[in-house]
Amino acid sequence: ARGRVRAASRMGREGDAGLLLVGKPEGPTSHDIVERVRAALGGVRVGHTGTLDPFASGLLILCVGWATRLAEYLTLLPKVYRATLRLGARTDTDDRTGRVVRREGAWSLLDRSAVEAALRARAEATEQRVPAYSARRQAGVRLYRLARRGAPVDAPWTSIRVYRLDLLEISGPDVTFEIECSAGTYLRAFARDVGEDLGVGAHLRRLRRLAIGAFRVEEALAERDLRDRGTVVEALRPPEDAVAHLPRIDVAEPDALRVARGQPIGGSAELRTTAPVAILHEGRLVGIGDAADAWVRPVKVFCAPGA
């Protein structure tokens with residue numbers, strides 16, 4: 001039995017697989033970064049867990065090889081950003097890449113307390129209207145495509161949550177802050193709404209992603225190092241890191257083989273959760289399951305059955 005489990009694990013882990021933390025500079029798209037990593041690794045599958053706009057910088061988490069199947073467990077993690085909004089100018093994209101559609105010089109009359117109050121109010125909001133230039137869809141069409149054509153855009157509202165917001169600096173019309181927020185929060189829309197609340201308009205000037213869950217940009221590989229296969233492989237983190245935040249169950253070999261065949265296994269009295277459950281054997285991820293009725297039923301298996 002022991003030999004069969006180990007053989008199955010090898011079959012499920014052929015080639016390079018894991019997580020790659022990359023510090024994206026301003027300029028390239030997230031897709032550009034993915035393509036550079038794919039080229040360095042000889043065409044292996046690579047996917048990201050949340051894009052950054054070209055003008056933004058900071059942490060990207062890429063999933064490599066079979067670990068691309070774990071991307072969904074990373075996309076909903078909270079994120080930390082350092083952002084700068086510019087008061088007095090509203091743009092059509094809500095960021096610095098867009099066309100200025102309104103200017104207002106009254107921003108110079110605002111004091112710090114007014115700006116702080118507007119930031120706090122927006123941090124307490126639970127919904128925001130999605131930017132017109134976004135990848136959300138209206139009648140099956142991306143909003144940014146409609147906006148570029150000059151067609152009417154009915155941007156939807158989306159649920160958000162801000163866990164922490166710290167005002168760092170006010171320098172002229174520029175307001176810099178650090179924010180920890182839920183996945184799906186648009187910082188462009190946040191800047192726009194702060195400007196509207198203050199009556200002077202605003203847009204997002206700079207954005208840097210500092211963290212995704214427990215992953216920090218300081219741990220990331222620099223973009224200049226992505227061309228070297230050895231450096232990229234060395235920087236890969238184990239796939240298990242992608243699910244470290246999930247409830248987990250550690251199983252012995254008989255249950256590991258059952259998971260490999262897609263069969264349910266017994267849970268535990270302590271395992272009462274609606275979240276996905278990471279199933280590990282000897283520290284290695286063998287599957288993801290749903291816990292219900294004292295059973296854990298595999299929904300994803302990462303080793304080959306019966307090898």
K.L.:
Taking a hydrophobic cluster as the set of Ile, Leu, Val, Met, Phe, Trp and Tyr residues connected by side-chain heavy atoms closer than 4.5 Å, whether directly or through intermediates, do Tyr81 and Val162 fall within one such cluster?
P.N.:
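As far as the 4.5 Å side-chain criterion goes, Val162 and Tyr81 are connected within one cluster.
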
K.L.:
Tell me whether the centres of the aromatic rings in Tyr186 and Tyr133 are closer together than 6.0 Å.
P.N.:
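No, they do not, as the ring centres are separated by 6.0 Å or more.
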
K.L.:
Could you give the distance from CZ (Arg237) to CG (Leu19), rounded to the nearest 0.5 Å?
P.N.:
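So the gap between those two atoms works out to 7.0 Å.
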
K.L.:
Kindly work out whether a path of hydrophobic side-chain contacts (I/L/V/M/F/W/Y, heavy atoms less than 4.5 Å apart) joins Leu77 to Leu246.
P.N.:
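As far as the 4.5 Å side-chain criterion goes, Leu246 and Leu77 are not connected within one cluster.
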
K.L.:
Kindly compute the distance separating CG (Leu62) from NE2 (His48), expressed to the nearest 0.5 Å.
P.N.:
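Atom-to-atom, Leu62:CG and His48:NE2 are 8.5 Å apart.
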
K.L.:
Same cluster or not: are Val37 and Val233 linked, directly or through other Ile, Leu, Val, Met, Phe, Trp or Tyr residues, by side-chain heavy atoms under 4.5 angstrom apart?
P.N.:
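Same hydrophobic cluster.
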
K.L.:
Taking atom CZ of Arg112 as the centre, report whether more than 12 heavy atoms of other residues, nucleotides or ligands fall under 6.0 Å from it.
P.N.:
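Check passes, neighbour count above 12.
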
K.L.:
CZ of Arg38: more than 12 outside heavy atoms within 6.0 angstrom?
P.N.:
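Yes, CZ of Arg38 has more than 12 neighbouring heavy atoms, counting only those of other groups under 6.0 Å.
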
K.L.:
How far apart are the closest heavy atoms of Val277 and Ala291, and which atoms are they?
P.N.:
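Scanning both residues completely, I find the closest heavy atoms to be CG2-CB, 4.0 Å.
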
K.L.:
Taking the side chain as every heavy atom from C-beta outward, state whether Leu60 and Arg209 have any atom pair closer than 4.5 Å.
P.N.:
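A side-chain contact exists here, since the closest heavy-atom pair is under 4.5 Å.
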
K.L.:
Quick check for you: to the nearest 0.5 Å, what is the distance between Leu70 atom CG and Asp241 atom CG?
P.N.:
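Between Leu70 CG and Asp241 CG, I get 10.5 Å after rounding to 0.5 Å.
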
K.L.:
So, are Asp94 and Arg192 salt-bridged, with charged N and O less than 4.0 Å apart?
P.N.:
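So Asp94 pairs with Arg192 through a salt bridge.
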
K.L.:
Below 3.5 Å, can you tabulate the donor-acceptor pairs from side chains in residues 23-31 to any protein atom, sequence neighbours excluded?
P.N.:
unit_1, atom_1, unit_2, atom_2, d
Lys24, NZ, Pro28, O, 2.8
Lys24, NZ, Asp53, O, 3.4
Lys24, NZ, Pro54, O, 3.3
Lys24, NZ, Ala56, O, 2.8
Glu26, OE1, Arg96, NH2, 3.0
Thr29, OG1, His31, N, 3.4
Thr29, OG1, Asp32, N, 2.9
Thr29, OG1, Asp32, OD1, 3.3
Thr29, OG1, Asp32, OD2, 3.2
Ser30, OG, Leu52, N, 2.8
Ser30, OG, Leu52, O, 3.1

K.L.:
Mark yes or no for whether Asp92, through its side chain, and Arg99, through its backbone, hold a donor-acceptor pair below 3.5 Å.
P.N.:
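Yes.
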
K.L.:
Is the number of heavy atoms from other residues, nucleotides or ligands under 6.0 Å of Glu127 CD greater than 12?
P.N.:
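Atom CD in Glu127 is crowded, with more than 12 foreign heavy atoms closer than 6.0 Å.
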
K.L.:
Does this structure show an ion pair linking Asp16 with Arg229, if we count only N-O contacts that are shorter than 4.0 Å?
P.N.:
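Salt bridge present between Asp16 and Arg229.
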
K.L.:
Might you point out which heavy atoms bring Arg122 and Phe190 nearest each other, and give the distance in Å?
P.N.:
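Closest approach of Arg122 to Phe190, heavy atoms only: CB-CE1, 3.5 Å.
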
K.L.:
Would you compute the distance between atom OG1 of Thr185 and atom CD of Gln128 and round it to the nearest 0.5 angstrom?
P.N.:
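Taking OG1 in Thr185 and CD in Gln128, the distance rounds to 6.0 Å.
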
K.L.:
Do Trp157 and Val130 pass the side-chain contact (heavy atoms from CB on, under 4.5 Å) test, and can you show the C-alpha distance, the side-chain angles, and the key distance before you say yes or no?
P.N.:
CA-CA 6 Å; Trp157 289 81; Val130 170; over 6 Å; no

K.L.:
What I want to find out is whether Asp225 reaches Arg227 closely enough, with some N-O distance under 4.0 Å, to be called a salt bridge.
P.N.:
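Looking at Asp225 and Arg227, the cut-off is not met.
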
K.L.:
Charged N to carboxylate O below 4.0 Å: is that the case for Glu218 and Arg216?
P.N.:
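Salt bridge flag = yes for Arg216 with Glu218.
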
K.L.:
Do His245 side-chain atoms and Tyr73 backbone N/O form a donor-acceptor pair below 3.5 Å?
P.N.:
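Indeed, once roles are kept as given, a pair shorter than 3.5 Å links the two residues.
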
K.L.:
With a 4.5 Å cut-off on side-chain heavy atoms, are Val153 and Gln138 touching?
P.N.:
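Yes, close enough: below the 4.5 Å cut-off.
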
K.L.:
What distance do Asp193 atom CG and Leu119 atom CG have between them, rounded to the nearest 0.5 Å?
P.N.:
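Rounded to the nearest 0.5 Å, the CG-CG separation comes out at 11.5 Å.
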
K.L.:
Determine, using the 4.5 Å side-chain heavy-atom cutoff (strictly less than), whether Leu74 and Val243 are members of one ILVMFWY cluster.
P.N.:
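No.
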
K.L.:
For Val251 and Ala256, which heavy atoms make the closest approach, and how far apart are they?
P.N.:
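Minimum heavy-atom contact is CG2-N, 3.9 Å.
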
K.L.:
Does anything in residues 159-175 form a side-chain hydrogen bond (donor to acceptor under 3.5 Å, both in side chains)? List the pairs, not counting sequence neighbours.
P.N.:
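For residues 159-175: Arg86-Asp174, Arg164-Asp166, Arg164-Glu178.
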
K.L.:
Are any non-hydrogen side-chain atoms of Ile61 and Leu20 less than 4.5 angstrom apart?
P.N.:
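A side-chain contact is absent here, since even the closest heavy-atom pair is not under 4.5 Å.
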
K.L.:
Less than 4.5 Å apart, any side-chain heavy atom of Leu143 and any of Arg136?
P.N.:
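Yes, at least one pair of side-chain atoms sits under 4.5 Å.
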
K.L.:
Do you know which two heavy atoms are closest between Ala155 and Arg129, and how far apart they sit?
P.N.:
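In terms of heavy atoms, the two residues are closest at O-NH1, 2.5 Å.
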
K.L.:
I'd like to know if Phe55 and Ile179 are part of one continuous hydrophobic network [Ile/Leu/Val/Met/Phe/Trp/Tyr, side-chain heavy atoms within less than 4.5 Å].
P.N.:
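Hydrophobic grouping puts Ile179 with Phe55.
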
K.L.:
Going through the distances and angles, do Ile279 and Ile288 end up as a side-chain contact (heavy atoms from CB on, under 4.5 Å)?
P.N.:
CA-CA 6 Å; Ile279 308 168; Ile288 302 290; over 6 Å; no

K.L.:
Determine the sole option in Leu59, Leu221, Ile212, Val217 for which the side-chain contact (heavy atoms from CB on, under 4.5 Å) test with Leu21 is passed.
P.N.:
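Answer after filtering Leu59, Leu221, Ile212, Val217: Leu59.
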
K.L.:
Can you list the steps and then say if Glu240 with Arg284 is a side-chain contact (heavy atoms from CB on, under 4.5 Å)?
P.N.:
CA-CA 7 Å; Glu240 290 76 17; Arg284 304 191 74 179; 3.8 Å; yes

K.L.:
How about Arg45 and Trp66: do any of their side-chain heavy atoms sit closer than 4.5 Å?
P.N.:
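They are in contact (side-chain heavy atoms under 4.5 Å apart), so the answer is yes.
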
K.L.:
What are the two closest non-hydrogen atoms of Leu204 and Ala83, and how far apart are they?
P.N.:
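That closest heavy-atom pairing would be CD1-CB, 4.0 Å.
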
K.L.:
Tell me, with the steps shown, if Thr176 and Thr84 meet side chain to side chain donor-acceptor pair (under 3.5 Å).
P.N.:
CA-CA 4 Å; Thr176 300; Thr84 299; 2.8 Å; yes

K.L.:
Begin from the C-alpha positions of Thr49 and Cys63 and carry the test side-chain contact (heavy atoms from CB on, under 4.5 Å) through to its verdict.
P.N.:
CA-CA 7 Å; Thr49 61; Cys63 294; 3.7 Å; yes

K.L.:
Would you compute the distance between atom CG of Leu285 and atom CG of Leu280 and round it to the nearest 0.5 angstrom?
P.N.:
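Rounded to the nearest 0.5 Å, the CG-CG separation comes out at 5.5 Å.
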
K.L.:
How about Lys300 and Pro276: do any of their side-chain heavy atoms sit closer than 4.5 Å?
P.N.:
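Counting from C-beta outward, Lys300 and Pro276 never come under 4.5 Å.
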
K.L.:
For residues Ala132 and Ala147, report the shortest heavy-atom separation together with the two atoms involved.
P.N.:
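Closest heavy-atom pair between Ala132 and Ala147: O-CB, 4.1 Å.
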
K.L.:
Look only at the side chain of Thr91 and the backbone of Gly98, and say whether a donor-acceptor pair between them is shorter than 3.5 Å.
P.N.:
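A pair under 3.5 Å: no.
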
